[in-house]
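Take a look at the structure set out below.
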Amino acid sequence: MAHTLRPAAPTAASADTAGQRAVGGIINNGTTDPNKILPLRYQWAREYYRSGVSNNWVPEEVSMQKDVEQWKSDSVLSETERRLILRNLGFFSTAESLTANNIVLAVYRHVTNPECRQYLLRQAFEEAIHTDTFIYCCDTLGLDPEQIYTMYRTVPSINEKDEFVIGLTRSIFDPTFATDSIEGIRSFLHDLIGYYVIMEGIFFYAGFAMMLALRRQGKMVGVGEQFEFIMRDESVHLAFGCDVINTIRNDYPEAWTPEFGQQISALVRQGVQYEQEYAFDSCPQGLLGINAVQFAAYVEYIADKRLERIGLPKEYGTPNPFPWMAQTMDLNKEKNFFETRVTEYQTAGALDWD
Ligand code: FE
Ligand code: MN
């Protein structure tokens, strides 16, 4: 493609003031100094940054004492529960660093808007905290790192998820890749949707539901709390990612054709299938009062929310089998309120809490 793409002129609905129109968009921002963060163009990026800061935590704040006792005891955890815990630690231990690499090596390069980059730095830090969380879990529980950190190759249901996301993003790791053509923008959207919508928005959620279901039964409550902290961070990552995707879609309407939308819906359906296979593989016998069919239904419910968030129609219409997952996040917000942390100032609908 010979011509260089520039974002479409801002619409009345966007947050621009007339004086800022010249600065360009979220990508292909060749006219702006990436170090000049003020005045802000995308206020939401700043709000997500502040939201991340107010959620600050580190894994050492969570006591693992009870988890260690339960893990070492022969009478607390069933074989099914042990399998589920190991599978989830195995998946997340490497998924977090895959996500971190994508932010630093791909997304940061092409999202040239300074306040979005500021949020990406925050997100990269949070991914480092998440990676560290699984090191902490391995250390405290005395797990075999060789077993946990090779599951992305040895466990097919984990390998399939990782390979799927990596496959969606391969083209943008080409050093000559640029977003200056419609094809380039579509490839970049594939990357953003692969990581923000499918990896962080769908592939993390059967695991979150499993570990939080276990915690509700009083099992591995420390690991459960770590997962809850991660889920709170991830809900902001997901919201930021969807805003970036929707902004690019708005700025380059010619990239997001009806056919492209259908391709994305098909990718999400494929992702849902992988996540459901993962749920059945991790929890073949179910947990007390919960079976893998419900985990699979939860994945469909979550996927519909993600699709709507990026302006695509629902695919499933499945009701939420776990209303307590949303309550978990609501309680968290209340807890933060009493700790005088501010997590609730986002406008309604800005965050996907479950
Ligand atoms: Fe993470
Ligand atoms: Mn994340």
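A quick note: this is a predicted structure, and the numbers were derived from the prediction, not measured.
Cation-pi geometry between R306 and Y205 is met: under 6.0 angstrom from the ring centre, within 45 degrees of the axis. Remark: R117 is positioned above the aromatic ring of Y108, its terminal NZ or CZ atom under 6.0 angstrom from the ring centre and at most 45 degrees off the axis.
Taken together through direct or relayed side-chain contacts under 4.5 Å among Ile, Leu, Val, Met, Phe, Trp and Tyr, V76 and V221 form parts of separate hydrophobic clusters. In this structure, F280 is not a member of the same hydrophobic cluster as I85, with clusters built from ILVMFWY side-chain heavy atoms closer than 4.5 Å. L267 and Y195 fall within a single hydrophobic cluster, where Ile, Leu, Val, Met, Phe, Trp and Tyr are joined by side-chain heavy atoms under 4.5 Å apart, directly or via other members. Residues F177 and I166 are members of one and the same hydrophobic cluster, defined by side-chain heavy-atom contacts under 4.5 angstrom among Ile, Leu, Val, Met, Phe, Trp and Tyr. Taking hydrophobic clusters as Ile, Leu, Val, Met, Phe, Trp and Tyr residues chained together by side-chain heavy-atom distances below 4.5 Å, I230 shares a cluster with I135.
Of all heavy-atom pairs spanning V111 and C116, the tightest one is CG1-CB, 3.5 Å. Across all their heavy atoms, E127 and A100 have their closest contact at CB-CB, 3.7 Å. Closest approach of A178 and H110 over heavy atoms only: CA-CE1, 4.5 Å.
Between E225 and R215 there is no salt bridge, since no side-chain N of the basic residue sits under 4.0 Å from a carboxylate O of the acidic one. Under 4.0 Å is where a charged nitrogen must lie from a carboxylate oxygen, and between R269 and E315 at least one such pair does. Under the 4.0 Å criterion applied to side-chain N and carboxylate O atoms, E183 and R186 are assigned as salt-bridge partners. Ionic pairing of R122 and E126 is present here: one or more N-O contacts between side-chain nitrogen and carboxylate oxygen are shorter than 4.0 angstrom. Of the charged side-chain nitrogens involved, at least one lies within less than 4.0 Å of a carboxylate oxygen, so that E81 and K219 count as a salt-bridged pair.
In summary, the side chains of Q285 and E79 do not present any donor paired with an acceptor at a separation below 3.5 Å, with no hydrogens or angles considered. For the residue pair W256/N250, the side-chain donor-acceptor check at 3.5 Å is not satisfied. Donor-acceptor pairing under 3.5 Å is recorded for the side chains of D191 and N102. Side-chain contact of Q123 with Y196: a donor-acceptor pair under 3.5 Å is present, judged by distance alone. D243 and Y42 are not linked by any side-chain donor-acceptor pair at a separation below 3.5 angstrom, with hydrogens and angles left out of the test.
The backbone N or O of N291 sits less than 3.5 Å from a side-chain atom of Q294, completing a donor-acceptor pair. Between the side chain of R87 and the backbone N or O of Y278, no donor-acceptor pair lies under 3.5 Å. At distances below 3.5 Å, at least one donor-acceptor pair connects side-chain atoms of R249 with backbone N or O atoms of I310. Judged by distance alone, with hydrogens and angles left aside, the side-chain atoms of D132 form no donor-acceptor pair with the main-chain N or O of A128 at under 3.5 Å. When atom types are taken as modelled, the side chain of K66 and the backbone of V68 share no donor-acceptor pair closer than 3.5 angstrom. For D162 (side chain) and R153 (main-chain N/O), no donor-acceptor pair under 3.5 Å exists by modelled atom type. The backbone N or O of K314 lies less than 3.5 Å from no partner atom in the side chain of D304, so there is not a single donor-acceptor pair. Looking at D67, its side chain does come within 3.5 Å of a backbone N or O of G222 through a donor-acceptor pair. Here the side chain of S282 pairs no donor or acceptor atom with the backbone of A279 at under 3.5 angstrom.
For CG of L288, the number of neighbouring non-hydrogen atoms (other residues, nucleotides, ligands) closer than 6.0 Å is 12 at most.
The OH atom of Y274 sits 14.0 Å away from the CG atom of D281 when rounded to the nearest 0.5 Å. The line from CG of L168 to CD of Q270 is 9.5 Å long, rounded to the nearest 0.5 Å. Taking CD of E69 as the reference point, atom CE of M64 lies at 12.0 Å (rounded to 0.5 Å). Expressed to the nearest 0.5 Å, how far CG of L77 lies from CZ of R82 amounts to 5.0 Å. Note that the CZ atom of F134 and the CG atom of N88 stand 8.5 Å from one another [nearest 0.5 Å]. Note that CD of E234 and CE of M231 are 10.5 Å apart. Values are rounded to the nearest 0.5 Å.
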Practice item. Under the ring-ring contact (aromatic ring centres under 6.0 Å, His included) rule, what do Y49 and Y119 come out as? Steps first, then yes or no, please. Key: CA-CA 5 Å; Y49 179 85; Y119 180 75; 7.3 Å; no

Exercise for review: Could you give me the CA-CA distance, side-chain angles and deciding distance for Y136 and I129, then say whether side-chain contact (heavy atoms from CB on, under 4.5 Å) is met?
Suggested key: CA-CA 10 Å; Y136 179 65; I129 297 285; over 6 Å; no

**Study point:** Evaluation steps, ring-ring contact (aromatic ring centres under 6.0 Å, His included), between F260 and H190
**Key:** CA-CA 10 Å; F260 181 79; H190 271 115; 5.5 Å; yes

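The only member of F92, Y298, F91 that meets ring pair (Phe, Tyr, Trp, His ring centres under 6.0 Å) when paired with F208 is F92. With K161 as reference, E275 is the one residue of E277, E275, E200 to meet the salt bridge (charged side-chain N to carboxylate O under 4.0 Å, His left out) rule.
Between N113 and I27, every side-chain heavy-atom pair lies at or beyond the 4.5 Å cut-off. Put simply, the side chain of V165 does not reach to within 4.5 Å of the side chain of L98, judged on heavy atoms. The shortest side-chain heavy-atom distance between Y149 and C138 falls under the 4.5 Å cut-off. Using a 4.5 Å cut-off on side-chain heavy atoms (C-beta onward), T133 and W57 make contact.
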